[in-house]
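First the proteins, then the strands, lettered A, B, ... as listed; each starts at 1.
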2 protein chains.
Amino acid sequence: MESKIFRDFLIQRGLKLTKERMAVLNQIFSIHGHFEPEHLYLNIRNSEIKASRASVYRTLNLLVESGLVERISRSDKGNVYEHTYGHSHHDHMICTTCGVVIEFFSESLEELQKMICTEYHFAGTTHTLEIRGKCRTCQKRKK
Amino acid sequence: MESKIFRDFLIQRGLKLTKERMAVLNQIFSIHGHFEPEHLYLNIRNSEIKASRASVYRTLNLLVESGLVERISRSDKGNVYEHTYGHSHHDHMICTTCGVVIEFFSESLEELQKMICTEYHFAGTTHTLEIRGKCRTCQKRKK
DNA sequence: AGCGTATTTGCAACTTAATCTCAATTTCAG
DNA sequence: CTGAAATTGAGATTAAGTTGCAAATACGCT
């Protein structure tokens, strides 16, 4: 469970498990899909246990370091994150017209990337692939 | 030649070809590889024909719209761009230890992405693939 | 359970990249 | 050449995210 992982991460670093940190963690794992820090902060403002903007950002950074959360892109309006625990690796297609995000995964793509890394003697650990274009709906809408 | 392309782009949009815009264009195409807007601005400050920061940023956006320049990533410290004219498509491996950027291209990777797009009924136009990890040198350096 | 201390919090001030405002200047079609 | 429309530069502004610091809190120790 994610809170156990986070707790262990904090202990191992000599950090403390505060209610604010738990509030941020819970809020993130109650969100389905992607989120922006500001949106996250607003949700927390309206929840039972609150946390300041500073704490939200600080906790978010800790969560990224712990590996529970990943920053998946930087839009013109700040970062976009998603939680990765219980959420296997995937890449994104982003519609430049309506902004919809389609998640996809391809084993062949992963394999191919591994091969390319080998070829370049590069020890790849993570990657981000973002394909931009038009989603099915927006293609139709275009006269 | 890039200045002709830019000129045509401007005319087609009813915009004007100013010396400041040319200065930005020339500076960008004299840079080999990647650049950051602030760095670009500083170079222009020291060149023959100068342009203000505002003009540099405005021109940069126009160049991206014209397709001559591409924004390849958003680091913690702002955006990174590169010119694409006379510079065929490629992706990047970024060493998380020393920051070196390795450019690579794989036809199979491109093909595979096209297939995936078809599968998802997505009309992909551009993509960015960034593989992070350790470069050959940093792997060796690691005891 | 209570103590002591190192960590954390919240607030507001700050930082940094990038955009905007607007008066003065420049481009360029006619 | 002329004049309308676009552009420029300087500085103000915006917005995301970070930081300093005094007060509050978590938690190992006894």
Side-chain angles (χ1 to χ4, degrees), chain A residues 3 6-28 34-66 69-81, chain B residues 3 6-28 34-66 69-81:
Chain A
S3 53
F6 191 40
R7 172 196 297 276
D8 290 349
F9 169 80
L10 292 175
I11 290 171
Q12 178 218 320
R13 291 260 214 135
L15 303 178
K16 292 171 180 175
L17 183 61
T18 63
K19 56 181 167 27
E20 290 82 0
R21 283 177 179 163
M22 284 314 285
V24 173
L25 180 70
N26 291 335
Q27 190 55 234
I28 288 175
H34 312 114
F35 64 91
E36 291 163 32
E38 198 60 23
H39 181 237
L40 177 62
Y41 166 64
L42 293 176
N43 280 353
I44 287 172
R45 285 265 76 157
N46 300 327
S47 73
E48 189 63 21
I49 297 160
K50 306 183 191 322
S52 68
R53 193 190 313 275
S55 290
V56 169
Y57 276 99
R58 284 188 284 230
T59 304
L60 199 42
N61 287 335
L62 286 174
L63 285 165
V64 170
E65 287 179 51
S66 79
V69 168
E70 213 170 280
R71 186 169 70 202
I72 59 168
S73 86
R74 294 174 155 262
S75 71
D76 284 335
K77 298 269 152 201
N79 297 335
V80 179
Y81 295 82
Chain B
S3 52
F6 191 40
R7 173 198 295 278
D8 291 347
F9 168 80
L10 292 175
I11 290 172
Q12 180 220 318
R13 290 258 216 138
L15 303 177
K16 292 170 182 176
L17 184 62
T18 64
K19 54 181 168 26
E20 288 85 359
R21 284 177 179 163
M22 284 314 286
V24 173
L25 180 72
N26 291 335
Q27 190 55 234
I28 288 176
H34 312 115
F35 63 92
E36 291 162 32
E38 197 60 22
H39 181 238
L40 176 62
Y41 166 64
L42 293 176
N43 280 355
I44 287 172
R45 285 264 76 157
N46 300 330
S47 73
E48 189 65 22
I49 298 161
K50 305 184 191 324
S52 68
R53 181 178 278 110
S55 290
V56 169
Y57 276 99
R58 285 188 285 230
T59 305
L60 198 43
N61 287 334
L62 286 173
L63 286 165
V64 170
E65 288 179 49
S66 79
V69 168
E70 213 171 281
R71 186 170 68 202
I72 59 168
S73 87
R74 294 172 155 263
S75 71
D76 284 335
K77 297 268 153 204
N79 298 334
V80 178
Y81 295 82

Ignoring backbone atoms, establish whether [X] has a side-chain N or O less than 4.0 Å from OP1 or OP2 of [N].
X: B/Thr18; N: D/dA6; value: no
X: A/Ser55; N: C/dT8; value: no
X: A/Tyr57; N: D/dG17; value: yes
X: B/Asn79; N: C/dA17; value: no
X: A/Asn61; N: D/dT18; value: yes

Over 12 foreign heavy atoms within 6.0 Å of NE2, B/His34: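 Counting neighbours around NE2 of B/His34, more than 12 heavy atoms of other residues, nucleotides or ligands fall under 6.0 Å, so yes.
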Crowding at CD, A/Gln12 (>12 non-hydrogen neighbours, <6.0 Å): yes
Rounded distance (nearest 0.5 Å) linking atom CZ of A/Phe6 with atom CG of A/Asn26: 10.5 Å
Criterion salt bridge (charged side-chain N to carboxylate O under 4.0 Å, His left out) on A/Glu20 and A/Arg58, from CA distance to verdict: CA-CA 10 Å; A/Glu20 290 82 0; A/Arg58 284 188 284 230; over 6 Å; no
DNA chain D: 5'-proximal contact among B/Ser52 and A/Pro37 (nearest heavy atom):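 Final value for this comparison: B/Ser52.
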Nucleotide nearest A/Lys16 when distance is taken to its side chain, options C/dT8, D/dG9, D/dA10: C/dT8
Rounded distance (Å) that lies between atom C1' of C/dT7 and atom CZ of A/Arg13: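 About 14 Å, once rounded to whole Å.
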base_contact_polar (D/dG9 base, B/Arg58 side chain, donor-acceptor, <3.5 Å):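 Checked by distance alone, the answer is yes.
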Touch class at under 4.0 angstrom, heavy-atom based, for B/Arg21 against every strand present: sugar-phosphate
